[in-house]
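Beneath this line is the structure, given in structure tokens, with notes to follow.
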Amino acid sequence: AQDPRLAPPSAFDLEELSTRCRDAGAAALVVPSDLLAAFAAEQATAASSYPGPLPLICQLQPSVGGGGSEAAGEAPQPLAEP
């Protein structure tokens, strides 16, 4: 039996979380790639409001066994120098 604490969040839960983070003054939201669309849709509703939409940060994980340098135990390399 699957642990009920691991059940996927509902769309309503994601909208509520996104709204509450924005209203609480968050600077940005870090979201997993599979939830990015839901958070982006909710943040878009704040485009003409205050507070406005938050930046969304999404880290894309390589697939298991993808053969990238991270899979070999190496540190990921930056995409660009600051």
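Remember, it's a predicted structure, so these values are computed and weren't measured experimentally. Position 1 is the first residue of the sequence, and the numbers go up from there. The analysis underlying the following values was restricted to heavy atoms, covering all of them including side chains, and did not include hydrogens, waters or symmetry mates.
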Report, one line per pair, each donor and acceptor closer than 3.5 Å where one atom sits in a side chain of residues 48-58; sequence neighbours left out.
none

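Within the model, atoms CG of Asp13 and CG of Leu35 stand 11.0 Å from one another, a figure rounded to the nearest 0.5 Å.
Under the side chain to side chain donor-acceptor pair (under 3.5 Å) criterion, no residue pair touches residues 24-41, with sequence neighbours excluded.
Considering only heavy atoms from C-beta on, Glu42 stays 4.5 Å or farther from Leu14 through its side chain.
Here the side chain of Ser18 pairs no donor or acceptor atom with the backbone of Glu15 at under 3.5 angstrom.
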